[in-house]
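Every value quoted in this text rests on a predicted model; they were computed, and no experiment measured them. We name chains A, B, ... by the order of the sequence lines, and we start the count at 1 in each one.
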Number of protein chains: 4
Amino acid sequence: MTKKDVAGATPPPRAKRLPRAVRERQILDAAVRVFSERGYHAASMDEVSDVAGISKPMIYAYLGSKEELFAACIQREATRLMEAIGGVVDVDLDPEEQLWRGVLAFFTFVGENRDSWQVLHRQAGTQGAPFAAELAEGRRRAVAMISALLDRAAGREGVGAFAEGRTEPLAAALTGAGEALAEWWLEHPEESPKAMARRLMNLSWMGFGNLVLGRAWSPEKSA
Amino acid sequence: MTKKDVAGATPPPRAKRLPRAVRERQILDAAVRVFSERGYHAASMDEVSDVAGISKPMIYAYLGSKEELFAACIQREATRLMEAIGGVVDVDLDPEEQLWRGVLAFFTFVGENRDSWQVLHRQAGTQGAPFAAELAEGRRRAVAMISALLDRAAGREGVGAFAEGRTEPLAAALTGAGEALAEWWLEHPEESPKAMARRLMNLSWMGFGNLVLGRAWSPEKSA
Amino acid sequence: MTKKDVAGATPPPRAKRLPRAVRERQILDAAVRVFSERGYHAASMDEVSDVAGISKPMIYAYLGSKEELFAACIQREATRLMEAIGGVVDVDLDPEEQLWRGVLAFFTFVGENRDSWQVLHRQAGTQGAPFAAELAEGRRRAVAMISALLDRAAGREGVGAFAEGRTEPLAAALTGAGEALAEWWLEHPEESPKAMARRLMNLSWMGFGNLVLGRAWSPEKSA
Amino acid sequence: MTKKDVAGATPPPRAKRLPRAVRERQILDAAVRVFSERGYHAASMDEVSDVAGISKPMIYAYLGSKEELFAACIQREATRLMEAIGGVVDVDLDPEEQLWRGVLAFFTFVGENRDSWQVLHRQAGTQGAPFAAELAEGRRRAVAMISALLDRAAGREGVGAFAEGRTEPLAAALTGAGEALAEWWLEHPEESPKAMARRLMNLSWMGFGNLVLGRAWSPEKSA
DNA sequence: GATGAATGAGTTTTCATTCAT
DNA sequence: GATGAATGAAAACTCATTCAT
């Protein structure tokens, strides 16, 4: 396992006496970078401290232990992601349109925040019990959003509850498909967020049943 | 981070002087358990050795370094999974039926081999370069299988390539959805493999577009 | 192999929070002691840490790996030895006188720095490639010094190059003889540095050919 | 530290049921190779066993512990060297001629038995107390031989004891010079044993005092 | 006689965490 | 408030040595 530097943005030039909030943000930024690059266990507090340009004792004073620091990262990034998606969804819109917007917002966010996404997707889920709380909370919010959307959609069509009364596992499955596509995207960076979003709509809205008949999904139909 | 034992099956009662093949299997069994429980980094060779009831030097002698041991786990479990699915798929069948059988075999395997699944799903993908080879190979086989299936299905309908010519990201998305459902399943163990498989078919074959109109997927239609 | 402590000088009374430079010196002192006593391989970082009265993490932080630590020892001690000899040699002097001074300085240093000498002589040459650089550099400087001296001597006598044009292997042989005498000295500590130096002059300046005829070397003649 | 194989002579093709004496020789041959290549500590019994083509339990049964095995190597090789030198020295000859023959025999042996020499010179002296016995014994024999030679020479000249009554440290110095030259030879393999021997005679018989005056030693004068 | 199987004990090295300044 | 100095604890890996077959 190579150990090339987590380089990039030069460490903020150790300005002294910054207000606590600023320091905390610097630390979290660095931590997300490092956790994303190395993974939770392989990341060292030393490297976080280096990248942040802030000494370790400060990190411990402000954000607590490594575990707490990681939890804070998850929480912040999950919130950012949820806000990005929540911002484009409008309850008054057509469910299909809403889903499209949400999915597009998701891929846009992932495209612009690789590190955040890596931490949320690859690290948070992998590190066992300690972070279950933060992760579960984030996932719960996401699933609830989609779930509600599906329920409203079904209601609007007069169909009532579908999917054996549980939209929630389907919502989970949708996020899983989204994560897998995002993963695939990493190795095919030439694709646009829109193309990726369309792929997910094809699977999730049309289903293979339609696809194999030549019926694909496109934003134009919905818009 | 708590450190409760990876207990359970009593360690094989230290039978002495067993042939190498047997020991290797015992070691791999233990390693899958421990990696699954703790994750790659947090797992210690000491614990693997304890759980296996075999001293560390033997582990190193037979399976090599921690990295190699992990790779061996991935390879073995991936092969088992692929065989479980490959065993029920029959190329002469209807694609829809094939997908259903494959998906059902998947959830059946996951239900019966939680640890294998955890290692493959949660750990293998997360640990960076060293295991890319093993993982990529496994994933490639899986995706190829689904991809081929979709291609054949489209061909049979006379539609030719669909999904912008790439079935592969869709296959990836399908596995992602499967993984997420398997994950959800862990917290809802009362569900049957069949119910889980039906959920995945609903999403992937029908799509939300149908579901919100009250049209769901069921094995009967297909069988 | 017995494992009696490398005791002796009481470990510096764990003064807390010393500046880095001081700690580094303490560590090197201890390392020279231990490497000298045990040999490179048999020496353990634990023992170095014990003798230095400094925890292992500090050693690694300041001096790097065992290999780097050993290299640092060689370098420091080689430099000290070279300085001890270089300090008494004066290019304007008679070559014979210069050699005498250098040889005397050598035995004086060895007498006062047994450990340094052990590390340089017994360990550095034995441990293969990794330390070739440090050692070769030291040896090169030593041999160059003697070699130059012989060349000047020959030049002064109008003889031009002698010894088949290569003084360098002879210089090496001289150091070898010096090392062997130093070794012998360890078991005959009652001898003075001066007596040892005279022995080496007898061999190297007079040669056995003279010695067997009763012609010996003495500092008076030269001075 | 690289770990390329100690290759070369193919391991004797595991013939079964060989007489003990043969096995012991095979083991010692392998051990000398490995100790020479790796050094005492870095050498592993596993590698000795591999190179010898004999299982470890046999090695322990025949030659005892690693320490004892090493001691046996030293003893055997030291004896071989002493016999090589002793074989050409003839007490009735001129001392100068004797020395020349002995020195030539020494370099001839070293040239033909690099491994033996490495073990004796580089390893034996370096590994601390345990092997002092074997080594000291060997050295004692060598020094005694030279010492006696010098004494006889002095006696023949009617000079009586010289060198402050101790020829023994001078003999030690001579061997040291020889070792250093042998070492230098490793990096200049184009030189012949004879050339090396002449170098040592120049230093030890003539001394620098003569050399700088243009008087060198040559076998012809002596023969 | 000969060996594959087995391990206790130790080695180097790293890391999260905390004082003392 | 901020940090260089310091460490206890653990992890990966190796080795000399010995049984049981």
**Study point:** Nearest-angstrom distance from the residue atom CD1 of I59(D) to P of dG1(E)
**Key:** 16 Å
Exercise for review: Provide, to the nearest angstrom, the distance between the CG atom belonging to L63(D) and the P atom belonging to dA16(F).
Suggested key: 15 Å
Review point. Between A43(B) and P57(C), which has a closest nucleotide on DNA chain F that is more 5'?
Key: P57(C)
Revision key, fill the gap. Comparing K56(C) with M58(D), nearest DNA chain E nucleotide closer to 5' gives the residue M58(D)
Check your understanding: Which class fits the ring pair H41(A) and H41(B): parallel under 30°, tilted 30 to 60°, perpendicular over 60°?
Key -> parallel
Exercise for review: Specify the separation, in whole Å, of atom CG of D50(C) and atom C1' of dT11(E).
Suggested key: 14 Å
Review point. Does Y60(C) put a side-chain nitrogen or oxygen below 4.0 Å from OP1 or OP2 of dC15(E)?
Key: no
Point to revise | Any-strand Watson-Crick or G-U partner of dG10(E), both distances under 3.5 Å | key: dC13(F)
Check your understanding: Does dA20(E) pair with anything, Watson-Crick or G-U wobble, both distances under 3.5 Å, and if so, with which nucleotide?
Key -> dT3(F)
Check your understanding: Does NZ or CZ of K66(D) come closer than 6.0 Å to the centre of the six-membered ring of Y60(D), within 45° of the ring's axis?
Key -> no
Check your understanding: At under 4.0 Å between heavy atoms, what does M45(B) touch on the DNA or RNA strands: base, sugar-phosphate, or nothing?
Key -> sugar-phosphate
Study note, to complete from the structure: In whole angstroms, the gap separating C1' of dA5(F) from CD of E24(C) amounts to 13 Å
Exercise for review: Fit a plane to each ring of F70(B) and F35(B), take the angle between them on a 0 to 90° scale, and name the class: parallel (under 30°), tilted (30 to 60°) or perpendicular (over 60°).
Suggested key: perpendicular
Point to revise | Pair E77(D), S116(D): side-chain N/O donor-acceptor within cut-off below 3.5 Å | key: yes
Review point. Phosphate oxygens OP1/OP2 of dG1(E): is one of them under 4.0 Å from a side-chain N or O of Y62(D)?
Key: no
Point to revise | Distance below 4.0 Å between R23(B) side-chain N/O and dA6(E) OP1 or OP2 | key: yes
Check your understanding: Roughly how many Å is it from NZ in K66(B) to P in dA10(F), rounded to a whole number?
Key -> 15 Å
Practice item. Measure the CZ-CZ distance between R25(A) and R20(A) for me, rounded to the nearest 0.5 Å. Key: 14.5 Å
Point to revise | Watson-Crick or G-U wobble partner of dC15(E), both distances under 3.5 Å | key: dG8(F)
Check your understanding: Roughly, in whole Å, what's the span from CD in E47(B) to P in dA12(F)?
Key -> 10 Å
Practice item. Would you mind reading off the distance between R38(B) atom CZ and dA10(F) atom P, rounded to a whole angstrom? Key: 13 Å
Practice item. Starting from P on dA9(E), measure out to CG on D46(C) and report it in whole angstrom. Key: 16 Å
